[in-house]
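Scroll down for the structure; my scribbles are underneath it.
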2 protein chains.
Amino acid sequence: MQFRTRKVATIRDVAQLAGCGIASASRVLNRSGPVSAELRDKVMVAARDLGFEFSDVGRSLRSSRTRTVGCVVPSISNPVYSAAVQGIEDVSADHGLQLLLSSSGYDPDRELSAVRTLIAKRVDALILTVNDLHASPALDFVRSRDIPHCLLFNYDHGSPNACGVDNRAAAFEVGRMLAAYGHRHVGYIALRLTSSDRACQRLEGLEEACRNFGLAAPAILEIDERGEDLVGQLLAFLLQHPQTTGIFASNDQVAIEIMSILRKARVRVPTDISIVGFDGIDFGQMVEPTLATVVTNPYAMGRAAADMVLAQKSSDQPGCHTDVAGFVFRSGGSLGQAAAKTSLLEKLALPQQLSPPRNILQSTSEER
Amino acid sequence: MQFRTRKVATIRDVAQLAGCGIASASRVLNRSGPVSAELRDKVMVAARDLGFEFSDVGRSLRSSRTRTVGCVVPSISNPVYSAAVQGIEDVSADHGLQLLLSSSGYDPDRELSAVRTLIAKRVDALILTVNDLHASPALDFVRSRDIPHCLLFNYDHGSPNACGVDNRAAAFEVGRMLAAYGHRHVGYIALRLTSSDRACQRLEGLEEACRNFGLAAPAILEIDERGEDLVGQLLAFLLQHPQTTGIFASNDQVAIEIMSILRKARVRVPTDISIVGFDGIDFGQMVEPTLATVVTNPYAMGRAAADMVLAQKSSDQPGCHTDVAGFVFRSGGSLGQAAAKTSLLEKLALPQQLSPPRNILQSTSEER
DNA sequence: TCCTCTTATGGAAACGTTTCCATAACACAG
DNA sequence: CTGTGTTATGGAAACGTTTCCATAAGAGGA
């Protein structure tokens, strides 16, 4: 047995079997236009017997609409993006649209090629998260054609067609809270700091808060995407900046992993050091201590982005709107008063025997 | 300004601008067949000037291949499925295929309608996770047409074209380990026990282990998809089955949430009660105590499923193969010796003041 | 009886490709 | 000079729809 040995039935086959013209068959199957009762029956029977199913590719060619929305995100397995994709899919499905999904792996080249492919597939709308809003060939390409589109997670003041949180404002809030708890020396630990505009904006917000509230400029640790030897990097960083009493992690996964490492190193959170995350994933509420973080709602952002492109599509007008998503700072057990005199140094100076941890950041990369 | 005010250029436009026939333009742009150097240049210039991009819908119509693979999963935001989707996408992208993704929300009707739509879109292959392998209209529909396809996560002995772990065997192993640690009365806590074949199979495996190793039949708690009042349900369950010393949760998220609730109820894990999860998500390693669980590799399973359908596609033969994915039981701090005499009862009988927890299981459902 | 109006039906064009085939130009061997 | 290739090119069909238009049949009014 081979595939496609029996060609799939077309409307022409149905018409032939029913002994009528194609136009009539189409009218019956689409319930458009008048048909006699007997012809209707014959066509229905023929369609059933042949297992006829319309070909959307024929329809799309004719109608020049594919009923498809394209989406490019850096990673599907990252829970923040997958929640957003779920939001996009839910809204799309409600409107009878299918989701054509690509992941770019945080690579601008793959971003561009994904966008080209999606445009070649003639998606009706496009939602994308680019690495850097201000330097994205993919985004330029999209903008050069008049397709309903919307950025997701990429937000910048005054930038149109976007849907995301104000990372600077949110990170500023984090800095403000750290300051309120008496922290004077804070650190910022980020993944992909150089390439991701989100990680950058969060740093900028934190830095501004530090200036505003009289904190020292934050010490910065950019960790490896592969997550290799995060333990070593983290301990070295802390030894190098022993006055640090608070750490802002660029997202909750990093924050939780840091807490896990610190626990094994017998560093107490928040007594010895405070941790604040970003995103507000549910696991943050289930660890001990609970994670202080900025709570965002990626699912809602995905929905909003989908709503936005659908509005553009139906109004035939390129949206110039930016939907800035809300956020809430959620306090938690991981944020406490700054230690008057940090005892980190002594603790860390002791010889540690840490088992090499299985790193959450490897989860995607190690397997591909 | 309106969309589509300037129609997108077709190869006919390119040919016209270059002053040649369509066939020649096609030859140039596809590097197929012979063309003179000068004509090549003219065509290339015309294509660039017009911003020409091939339409895959025209191509698909002509070639009757869409270079697209369809995928239906219960939920995109569930980390297990999103990891698998990432695997599928990675493999597909390597082969120049795009991913058309739908989520069914664990609803057999939506499963079916998603599959119909994907088939109407003429996907070249189909990968799907159905709610119940043995009662799935969607699966029947797929099987009635000769399309390369593969089940993902749905596994049953002797069932063809599938890719998943042997849930019964894995759950049996969990039961074996619980028995080895001296547990005699265990509980099974599951989400969607009645509808999901995975949750059922895991129960069956556990039950068989209980029979085999002389344990009492497991007490069962099916928790609500909405996760409402999990605290109350859990505590009532434990009060009702006070001899229970070990709990097998149908997945790690449930397990971790249970651990979090127990911690707040001052029940010690594993001293008072042991917990075992399923899936092996990374967060299990970051909580305290670490979660004992069955480690699976959904990313690899996604890749395997994609490989399987691609093999069918290229060999033009419907695969009759089942790729049973491996699993590893990973011990962890949450699994310990059964308490000789459980002190659960006294603890739970005390009036508890638990803050109503934010439930991880709500994460998807509350927002849609 | 003839004309008009409605209802039912089918032919054919168009959507954007690819590819088969025919043609034209030209070189070269006989 | 004719016949035989080779190379470059374009016309046109086909893929599966939808829809415009024409036609045919019948009903009803003059």
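Numbered from 1 within each chain, the chains take letters A, B, ... in sequence-line order.
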Taking ring pair (Phe, Tyr, Trp, His ring centres under 6.0 Å) as the definition, give me every residue that meets it alongside B:Y106, ordered by chain and number, with sequence neighbours left out.
none

Whether the side chain of A:S159 engages the backbone of A:Y155 through a donor-acceptor N/O pair (distance < 3.5 Å, no angle test) should be reported.
no

When you check the gap from the basic side-chain N to the acidic O, do A:D124 and A:R65 get nearer than 4.0 Å?
no

Nearest whole angstrom, please: distance from the P of C:dC15 to the CG of A:D56.
20 Å

Show the nearest heavy-atom pair for residues A:R110 and B:D90, with the distance to one decimal.
NH2-OD1, 4.3 Å

Geometric cation-pi criterion, B:R198 with B:F153: 6.0 Å, 45°
no

If only side-chain N and O atoms of A:S36 are considered, is one of them under 4.0 Å from the OP1 or OP2 phosphate oxygen of C:dT9?
yes

Distance check needed: C:dA25 P versus B:L39 CG, whole Å only.
16 Å

Could you check whether any side-chain N or O of A:Q312 sits under 3.5 Å from a backbone N or O of A:H149, counting only pairs where one atom can act as donor and the other as acceptor?
yes

Identify each atom pair where a protein N or O and an N or O of nucleotides 17-21 of chain C are less than 3.5 Å apart, giving names and distance.
residue : atom : partner : partner atom : Å
C:dT17  : OP1  : B:S55   : N            : 3.0
C:dT17  : OP2  : B:I11   : N            : 2.7
C:dT18  : OP1  : B:N30   : ND2          : 3.4
C:dT18  : OP1  : B:R59   : NE           : 2.7
C:dT18  : OP1  : B:R59   : NH2          : 3.1
C:dT18  : OP2  : B:S26   : OG           : 3.0
C:dT18  : OP2  : B:N30   : ND2          : 3.0
C:dT18  : O2   : B:R62   : NH1          : 2.2
C:dT19  : O4'  : B:R62   : NH2          : 3.2

Expressed in angstrom and rounded to an integer, what is the separation of A:I119 atom CD1 from C:dG16 atom P?
16 Å

Within this structure, what is the CD-to-P distance between B:Q16 and D:dG11, rounded to whole angstrom?
12 Å

